[in-house]
Asks: 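Pasting a structure below so you can have a look.
All figures in this text were calculated on a predicted structure; none of them were measured in a lab.
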Amino acid sequence: MPSNATPDHFPSSQSSGVQVFLLTDVEGSTYRWEEYPAAMQEALERHDKLLYEAIGNRGGHVFKTVGDSFHTVFSSPIAAVAAALEAQRALTAEDFSATEGFQVRMAVHAGPVELRSGDYFGPGINRAARLLLVAYGGQVLISGTVADLLQGKLPADATLFDLGRHRFRDLPGAEQVFQLVAPGIQSAFPPLRSLGAVVHQLPHPLTPLVGRDREISEILHRLERCRLLTLIGAGGAGKTRLAIEAGYRLATVYPDGVWFIELGLLDDPQLVAEQICGVVGVPVQSGGTAVASAVGFLREKRALLIIDNCEHLVSAAAAVAEAISSECASMSVLGTSREPLGVSGESIFRVPNLSFPTPDELAVSEALQFPAVRLFVDRANAVAEAFELSDENLQAVVDICTQVDGIPLAIELAVPRLRMMRPDALAARLKDSFRPLDRGSRTVPLRQRTLSTMFEWSYNLLDEPEQTLLRRLAVFAGGWTADSAAAVVAGNPVAEDEVLELIVSLADKSLVTAVLSTGETRYRLLETTRQYALDKLRENGEKGRRRRLAEFMGSFYGEANRQWPTMSTVEWTTRYRPEIDNLRASLEWAFGSDGDIAIALQLTSFTLRLWDEMALLPERERWFRMATLAIAETTPADVAARLWLGRTSVSAHGDRTSFEPASKAADLFRGLEDKLGLGEGLMKAGASLLTPQQVDVAVLYLDEALATLSSLGPTKQLASCLRSRAVAYYFAGDFEAARASITHSSAVAKSLGDTQGIANAFIAKGELEFAAGDVDAAIATARNLIESEHANRRQLALALGNLTAYLLAGNHRTEAKLTAFNGLHKARAIGWPAAITRMVEHLAVIAALEGDLERAALLVGYTEGFYARDTASREVTELVGYDRLCEMLAKDVAATLLADLRAEGAALTEGEAVSLALTS
C-alpha cells in the first residue's frame with residue numbers, strides 16, 4: 001500500500017493494488033429456492049435493491065454478482081464497513097418469513113489484487129472469500145487487516161468484537177477476525193467455522209490408521225446419506241478407531257462440533273443420556289429427563305455425536321440415538337456396537353477384519369498390498385528394531401495374520417511378542433494356543449472366531465499371578481497408579497510388592513497401557529481388554545474387588561478432604577482429580593443393590609471439595625441428595641456433619657435453603673469438637689441469611705465463625721469467611737472495613753496457593769467497588785479476573801454475570817450483551833440455576849433498553865418467580881439492574897398488561913426463559 005494511504009484514502013476502487021472488498025452471500029439459498037421459489041424471487045429482488053442502495057450510498061462498486069452473492073470494492077475501509085452495516089440493518093428489518101428467515105452473511109477484507117477484464121484476482125479477494133465462507137447468516141466479519149486500517153474509525157454506535165485468530169483452508173498464515181456489533185443487527189452466533197475453530201472432543205490416537213481407506217470412504221459416504229449410522233463388529237475389529245478417524249475427517253463439516261461419548265465406563269443405563277449431556281456441556285434440567293435436555297440443546301445444532309461401546313447398554317443407547325436423530329434435524333449420530341441398535345432409520349455398517357493373503361507362495365511386495373500384513377509390519381517396526389518383511393519371515397507373518405483372522409487388535413496384541421521370539425516361533429506358539437479351543441468345534445471355521453480367541457491366547461500365556469492381576473485390574477474404571485493397584489488388587493497369589501512388576505509385564509504384552517504425564521504415572525486397560533477381564537473375574541467367582549476399590553477411594557478422598565484446607569489448588573487437583581472416574585464407579589456400586597450404604601455415605605462425605613473445585617454442580621447435588629436421604633441413627637456424626645455441609649448452596653449469600661443443613665452441620669461439628677468444621681458450618685449458615693436487607697442476624701453467625709477459624713491459622717475456610725464478612729460490611733455501607741477484610745482474605749488465599757480463594761477475592765473486590773460507586777474500577781477488576789487463570793468454571797460464570805451488570809451501569813450496552821450471552825452459556829454448561837437467573841435478568845434489562853418491553857417483562861416475571869423460592873437473593877449488583885428494569889417497565893407498560901406478562905413469565909421453564917433471553 002502506498003505510504004500516504006489512510007483509512008480514508010485508497011487507490012481507485014477500479015484498479016490493481018491494495019483494495020477493500022465487501023462480499024455478501026445469502027445463507028442456505030439453495031434449500032430456499034427449492035422449497036419457496038416464488039417467495040425467494042420476491043425476497044431476492046428486495047435483497048438486491050437494499051444492497052445496491054447501501055453500496056451506492058457509500059461510493060462502492062459492484063464488480064460481480066454470482067447468484068445471490070455480491071462482490072463489491074470500495075475506496076476506503078470505513079466506507080465498506082458503513083455499507084455493510086447499512087445493508088445488514090436494512091435486511092434485518094425486512095420480513096423474510098416467507099422463506100424461513102432469509103439471512104445474509106458479509107465479510108470485509110483489504111489486500112493486494114490484480115484487475116483483469118473488470119474482475120479482481122489475487123490474495124486480497126481470495127482471503128475475503130474465505131472469510132465470507134466461515135460467517136453465519138446475519139453476521140458481518142471484519143478482517144484484522146481492515147480493523148488495523150480503520151484506526152478506530154467506525155460508524156456511530158458500532159464496535160468490533162474480537163473473535164481471535166483463525167486459519168482458512170488453502171491459505172497460509174492466520175488472520176485476526178472481528179465481528180461488527182451494532183444496534184439493529186444480530187450479535188449472537190456459534191463459533192466460526194474456520195480451521196482454527198474446529199470444535200471437537202475426540203481422543204488422540206497414538207498410532208496411524210493402517211489399511212482402512214475403503215472403510216473410511218464408505219463411512220463418510222453413508223453419513224452424507226443418513227443421520228444414524230452404527231458400526232458393528234466383533235470386539236477388536238477397530239470400530240472405535242474408525243469412528244474416531246471419521247470424526248477427525250468430518251471436524252470441519254460439522255460447525256457445532258464432533259463429540260465423542262464413551263459408554264464403556266458406565267454400568268447404569270440411566271447414565272447414558274447424562275453422559276451425553278456432560279460431554280456436550282448442557283445441564284440436565286430440573287424436572288426433566290437427561291434425554292430431553294440433550295435433545296433440547298442439540299435440536300438447532302449441526303454436529304456429529306459419536307457414541308462408542310453401546311453393546312452393554314444397547315437399549316438405553318438406542319433410545320437416546322433415536323430421540324436425537326428423529327428430533328434434531330441437523331444432527332448426525334455415529335455409534336459403535338457389537339450389535340445393531342435396532343431403531344428406525346439406522347444404517348448398519350459391518351466393520352470387516354483386515355484382509356490377509358492366503359498361505360500360498362507370494363512375493364513380499366504382493367503381501368504388503370493386504371491391510372493385515374501392512375498393520376503387522378507397521379506395528380512391528382514400533383516394537384522390534386528395524387523389522388522388515390522378508391522372504392524368510394513372510395510365511396510366518398502371513399500365518400499369524402491368518403490365525404488371528406485379520407482382527408486389528410489381535411495383531412496389536414500379537415506383535416509385542418516379537419521382542420521375545422521370531423515370527424516363526426510366534427506363529428507356532430499361537431497355533432498351539434488355539435488347539436484347546438478347536439476341540440468340540442471342528443465345524444466352526446477359523447474365520448468365525450472373534451477377538452475372544454486372541455484374548456484367550458494372550459491370557460493363557462500369562463502365569464497365574466499375571467492372570468489374577470489382569471482380572472482384578474478390570475474393576476478400575478478410570479485407570480490406576482501403582483499405589484492404588486497395590487491397595488485394591490493385591491492378595492494371594494499377587495504379593496503387594498510384586499504388583500508394579502506385574503503391571504509392567506502386562507504393559508510389555510500390550511495388555512496394559514501406561515499414561516505418562518508430569519505427575520505420577522497412571523495405567524489403564526483398553527476397554528475391550530477390560531471387558532474381557534471383567535468376564536474372567538466373574539467366571540472365577542472372585543467377589544469383593546469393587547468393595548476394595550470403594551474402600552480405597554474412601555481412604556484416598558478422606559485424605560484429600562483433610563489436605564484441602566491448606567494445600568495449594570494446583571497440587572490438590574493434580575493429585576486427586578485423576579481418580580474421579582474410579583470415584584464415580586465406587587459411588588455407583590456403593591449406592592447400588594450389591595453395595596454398602598455405610599461406605600456410600602462415608603465416601604460421599606469426602607467428595608464435596610472435588611465437585612466444587614471442578615465446578616461439577618449437578619453431580620455434587622445428586623450424590624449429596626442421595627446420601628442425606630439415607631442418613632440414619634447409626635450414621636457416624638462426622639459423616640453426617642460432612643454430608644449436611646455438602647447440601648449447602650454454592651450460591652453462598654442469600655440462599656435461605658442452605659440455613660438448615662448448615663446449622664445441622666455446625667451442631668454436629670460442635671459436638672465433635674471439630675473447630676474447622678464448626679467454623680465452616682457457622683460461616684455457611686451466616687452466608688445463607690446475608691442479604692442487603694438483613695445483615696445483623698447473618699453477622700452473628702459470621703463473627704462466631706470468624707473467631708473460631710482465626711484461632712486455627714490460615715485455611716481456605718478462613719479466606720472464605722473473611723470474604724463473606726466483607727460482603728456484610730459493604731452491605732452495611734462500611735466500605736473501608738470491607739476493603740480490609742477482602743485484603744486479608746486475599747492474603748490468606750495467596751499464602752496457601754488457593755486459586756479459588758484468590759478468584760473469589762477478585763469477585764468480592766469488584767462487588768465492593770461497584771457498591772461504592774466506582775463502576776470503572778469494578779469493570780477493570782472483573783476483566784482482570786476473567787483474563788487470569790485463577791477462576792474455575794463456576795467463578796467464571798459468576799464473574800461474567802457481575803461484569804455484565806457493571807457494563808450496563810456504565811452504559812456499555814453492546815459489550816454487556818455479548819458478555820451476558822457468554823456468561824449464560826457458561827452458567828448453563830455447569831448447571832447453576834442462580835447464575836442462569838442472574839444472566840436472564842441482565843438480558844431483560846438489555847431487552848428493555850432496546851425497546852422490547854414485553855420480552856423484558858416476561859423475563860423479569862421468570863426471575864421474580866425464581867427469587868421468590870429463596871434459593872438465592874439479589875445482591876447490590878443485581879438490585880441496581882432490577883430497580884432500573886422495574887422503573888422502565890412501570891413507566892412504559894400498562895399496569896394490567898405488566899402484571900399479566902409477569903405472571904406469564906413466572907410460569908416459564910428455565911429452558912424457555914433462556915431461549916427467550918437469547919433472542920436478539
Side-chain angles (χ1 to χ4, degrees), residues 1-2 5 7 10-30 51 54-55 58-85 87-88 103-150 160 162-180 189-198 251-253 255:
M1 193 174 85
F10 263 68
S12 167
S13 63
Q14 298 184 49
S15 65
S16 299
V18 175
Q19 298 290 344
V20 183
F21 296 101
L22 165 61
L23 273 55
T24 75
D25 181 45
V26 176
E27 186 177 53
S29 60
T30 302
L51 278 180
I55 293 163
R58 304 295 174 172
H61 168 65
V62 180
F63 64 87
K64 183 167 65 175
T65 60
V66 181
D68 46 46
S69 300
F70 274 51
H71 289 202
T72 67
V73 61
F74 287 80
S75 60
S76 76
I78 185 63
V81 172
L85 179 56
Q88 197 64 270
Q103 287 189 313
V104 179
R105 55 188 177 181
M106 302 182 183
V108 182
H109 177 65
V113 289
E114 180 181 344
L115 179 64
R116 296 200 306 266
S117 302
D119 200 356
Y120 289 94
F121 302 87
I125 192 68
N126 292 342
R127 194 166 287 267
R130 286 290 186 262
L131 183 61
L132 180 68
L133 286 176
V134 303
Y136 293 88
Q139 189 174 36
V140 181
L141 296 183
I142 310 294
S143 72
T145 304
V146 171
D148 290 341
L149 293 169
L150 287 169
L160 296 183
D162 192 347
L163 299 177
R165 293 183 66 78
H166 295 262
R167 294 182 300 110
F168 304 109
R169 188 174 301 163
D170 301 328
L171 295 181
E175 179 80 42
Q176 196 77 21
V177 179
F178 297 84
Q179 177 185 318
L180 183 65
F189 299 95
L192 296 186
R193 295 172 284 202
S194 66
L195 297 181
V198 171
T252 58
V253 174

Asks: Do you know the tightest heavy-atom contact between Val108 and Ala80?
Replies: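 Heavy atoms of Val108 and Ala80 come nearest at CG1-CB, 3.9 Å.
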Asks: Does Phe63 reach the side chain of Ile125, with side-chain heavy atoms less than 4.5 Å apart?
Replies: yes
Asks: Could you grab the distance from atom OG of Ser75 to atom NE2 of His61, nearest 0.5 Å is fine?
Replies: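 Going from the OG atom of Ser75 to the NE2 atom of His61 covers 12.5 Å.
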Asks: Considering only heavy atoms from C-beta outward, does the side chain of Leu133 approach that of Arg105 to under 4.5 Å?
Replies: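 Heavy-atom side-chain distance check passes, below 4.5 Å.
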Asks: Specify the closest pair of heavy atoms between Ala135 and Leu141, including all atoms of both residues, with the distance to one decimal.
Replies: CB-CD1, 3.6 Å
Asks: So do the side chains of Leu132 and His71 get within less than 4.5 Å of each other, counting heavy atoms only?
Replies: no
Asks: Measuring from Thr65:OG1 to Phe70:CZ, what's the distance to the nearest 0.5 Å?
Replies: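 Taking OG1 in Thr65 and CZ in Phe70, the distance rounds to 6.0 Å.
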Asks: Within the 4.5 Å heavy-atom criterion, are Val140 and Leu85 side-chain neighbours or not?
Replies: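 No; the side chains remain at least 4.5 Å from each other.
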Asks: Indicate the atoms forming the closest heavy-atom contact of Tyr136 with Glu27, along with that distance.
Replies: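 Between these two residues, the closest heavy atoms are CA-OE2, 3.8 Å.
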Asks: Looking only at atom types and distance, does a side-chain atom of Gln88 sit under 3.5 Å from a main-chain N or O of Val104, one as donor and one as acceptor?
Replies: yes
Asks: At their closest point, which heavy atom of Ala147 faces which heavy atom of Leu160, and how far apart are they?
Replies: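 Reported closest heavy-atom pair: CB-CD1, 3.9 Å.
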Asks: How long is the gap from CZ on Phe74 to CD1 on Ile55, to the nearest 0.5 Å?
Replies: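 Taking CZ in Phe74 and CD1 in Ile55, the distance rounds to 5.5 Å.
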Asks: Where do Leu51 and Ala87 come nearest, in terms of heavy atoms and distance?
Replies: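 Shortest heavy-atom contact: CD2-CB, 3.6 Å.
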Asks: Return the minimal non-hydrogen interatomic distance between Ala110 and Ser143, and the atom names on each side.
Replies: N-OG, 4.2 Å
Asks: Do Val20 and Val73 touch side chain to side chain, with heavy atoms closer than 4.5 Å?
Replies: no
Asks: Roughly how far, to the nearest 0.5 Å, is CG of Leu180 from CD of Gln139?
Replies: 10.0 Å
Asks: With rounding to the nearest 0.5 Å, note down the distance linking CG in Asp68 to OG1 in Thr24.
Replies: 8.0 Å
Asks: When rounded to the nearest 0.5 angstrom, what is the spacing between CD1 in Ile142 and CG in Leu22?
Replies: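 The CG atom of Leu22 is 8.5 Å from CD1 of Ile142, to the nearest 0.5 Å.
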